[in-house]
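Convention: sequence-line order gives letters A, B, ...; per-chain numbering from 1. Heavy-atom basis, side chains included; hydrogens, waters and symmetry copies ignored. Being a predicted model, the structure only gives us computed values, none of them experimental.
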2 protein chains.
Amino acid sequence: MARTAGSDGERTEAAIREAAVSLMARHGYEAMSMRQLAAEVGVQAAALYRYFPTKQDLLFTLLNEHMETLIAAWDAARPRNADPAVCLAAFVDNHIRFHVARRHSTHVSNMELRSLSHERLSHMLRLRARYEKELRQILREGAEDGSFVMEDVGLTAMAIIQMITGVIVWFRPDERLSVDEVTKSYLAMTLRLVGAAARETVNVPEHA
Amino acid sequence: MARTAGSDGERTEAAIREAAVSLMARHGYEAMSMRQLAAEVGVQAAALYRYFPTKQDLLFTLLNEHMETLIAAWDAARPRNADPAVCLAAFVDNHIRFHVARRHSTHVSNMELRSLSHERLSHMLRLRARYEKELRQILREGAEDGSFVMEDVGLTAMAIIQMITGVIVWFRPDERLSVDEVTKSYLAMTLRLVGAAARETVNVPEHA
DNA sequence: AGAAGAATAAAACAAACGTTCAATTCATTC
DNA sequence: GAATGAATTGAACGTTTGTTTTATTCTTCT
């Protein structure tokens with residue numbers, strides 16, 4: 001009844017994070033008990049508190065890491081000095097691939113914000129706003145230089161985000177469509193949505 | 001300690017449903033306690049069990065009612081013998097207005113399916129599949145008669161559903177945009193998304 | 001006015017919850 | 001090989017949970 005053979009702090013913490021994301025994604029934050037999580041890791045519940053002072057701290061750590069990583073990924077992937085259509089394509093591509101690769105933590109990020117304290121919720125919303133601002137910026141430039149057609153920048157940004165994040169709700173990587181195929185289709189839909197028909201999918205309106 | 005003056009079964013049940021939807025939407029099904037719900041209704045927790053045998057029965061009742069009502073609303077609103085663009089427009093319009101008017105129960109329907117038992121989950125998924133099939137049918141007809149352009153019917157259906165359901169995540173009826181404006185914009189985006197430019201938003205590709 | 005049934009309160013149940021504490025073993029360093 | 005600190009256990013804490021039971025009051029019908 002004490003330290004177990006071969007135990008290692010770093011490995012245990014990583015195992016906790018991984019199991020927590022999986023359990024929260026499947027059953028929800030409130031439905032996941034610390035004992036259940038401990039059992040999944042193969043450890044007693046008390047051991048969890050060596051790494052995360054409270055259950056909510058654990059949640060916050062996971063959510064924060066998810067958003068920080070997403071922002072960093074976009075920062076690395078975004079084209080510089082490119083025209084709006086290229087930027088938008090890069091944004092959609094990065095967004096879908098990132099979220100598909102992290103289905104579970106994306107689910108948690110979308111569902112469990114309400115379990116955070118007020119300050120931590122604000123912090124997460126700020127990160128989210130910062131990320132969404134990138135998309136609005138692209139859309140605004142495209143609307144100004146005439147390469148995009150849209151009624152409202154903010155509204156279009158929300159519509160696109162909802163659409164491309166929604167991939168993870170139904171997409172399973174082992175089914176009929178590959179990530180590449182899905183990404184390509186969503187990219188085409190997005191470009192049509194903002195009135196920037198890609199060369200290969202141009203459609204000339206019949207009565208024009 | 002017993003029946004209170006002016007108490008009425010029907011009114012109490014309606015009050016329970018209403019308070020439950022509101023609490024579940026704001027805090028989540030797991031986070032809502034029966035005592036908290038009872039307090040919101042102005043009743044003791046034990047009284048709830050006169051109307052719903054278990055907490056999960058209460059959830060199921062709400063979810064089921066939501067989906068049945070949605071399907072009934074579409075059945076009443078859908079045009080008969082109309083071309084795909086008209087049908088699609090009607091679908092988007094009905095969907096957005098229905099969900100905006102029922103923000104709370106939509107939230108619950110989207111978030112709390114996982115708290116249902118296996119059989120009840122299956123039942124809800126069947127209802128959802130039946131509803132989504134309507135959209136796929138419209139898209140398929142449009143793809144076949146050439147009025148729509150799309151890569152994949154199923155994928156496009158999911159993208160549209162996610163996009164137009166996502167309205168309730170950010171939309172607040174008391175802000176800068178009215179329901180009519182939002183619906184109109186989303187309708188325009190949807191038509192462009194499937195390559196069926198509405199008359200007033202036709203855009204002729206520059207290089208055509 | 002009295003009987004019957006509908007609607008609720010109050011109290012209790014065992015189980016599960018997040019969390020804390022002290023004790024104990026493993027790994028590492030000197 | 002003894003000492004030190006990191007890692008973990010096992011038991012316990014007080015709350016809160018969903019639910020049940022029993023008793024009581026209100027309403028309605030005759």
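Counting to the nearest Å, the P atom of D/dT16 and the CZ atom of A/Arg35 are 16 Å from each other. Remark: P of C/dA16 and NZ of A/Lys55 are 15 Å apart, rounded to the nearest angstrom. Remark: C1' of C/dG18 and CG of A/Asp57 are 13 Å apart, rounded to the nearest angstrom. Between the C1' atom of C/dG18 and the CD atom of A/Glu30 lies a distance of 11 Å, rounded to the nearest Å. To the nearest angstrom, C1' of C/dT8 lies 15 Å from CE of B/Met34. Residue B/Met32 contributes atom CE, which lies 11 Å from atom C1' of D/dG18 at whole-angstrom precision. Between the C1' atom of D/dA6 and the OH atom of A/Tyr51 lies a distance of 8 Å, rounded to the nearest Å. Summarising the geometry, the separation between CD1 on B/Ile16 and P on D/dG18 is reported as 14 Å, rounded to the nearest angstrom.
Nearest heavy-atom pair across A/Met24 and B/Arg114 is O-NH1, 3.8 Å. Listed here is the closest heavy atom pair of B/Val108 and B/Ala25: CG2-N, 3.7 Å.
A donor-acceptor contact shorter than 3.5 Å links the side chain of A/Glu112 to the backbone of A/Tyr29.
The environment of B/Glu18 atom CD is sparse: at most 12 non-hydrogen atoms of other residues, nucleotides or ligands sit within 6.0 angstrom.
Within the 4.0 Å cut-off from OP1 or OP2 of D/dT8, at least one side-chain nitrogen or oxygen of A/Thr12 is found. Proximity of B/Ser33 to the phosphate of D/dT16: no side-chain N or O atom is located under 4.0 Å from OP1 or OP2. Between A/Thr4 and C/dT25 there is no side-chain polar atom (N or O) within less than 4.0 angstrom of OP1 or OP2.
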(message) Test side chain to side chain contact (heavy atoms under 4.5 Å, CB included) on A/Arg128 and A/Glu132; report intermediate values, then the result.
(response) CA-CA 6 Å; A/Arg128 177 177 284 197; A/Glu132 290 171 354; 3.5 Å; yes

(request) Evaluate salt bridge (charged side-chain N to carboxylate O under 4.0 Å, His left out) for B/Arg35 paired with B/Glu40, printing each intermediate quantity in order. (result) CA-CA 9 Å; B/Arg35 284 174 180 81; B/Glu40 191 92 353; over 6 Å; no

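Considering only the side chain of A/Thr54, C/dT19 comes nearest among C/dG18, D/dT8, C/dT19.
To the nearest 0.5 Å, atoms CD1 (A/Ile164) and CE (A/Met189) are separated by 10.5 Å.
Non-hydrogen atoms lying under 4.0 Å from DNA chain D are contributed by B/Ala46, B/Tyr49, all within residues 41-50 of chain B.
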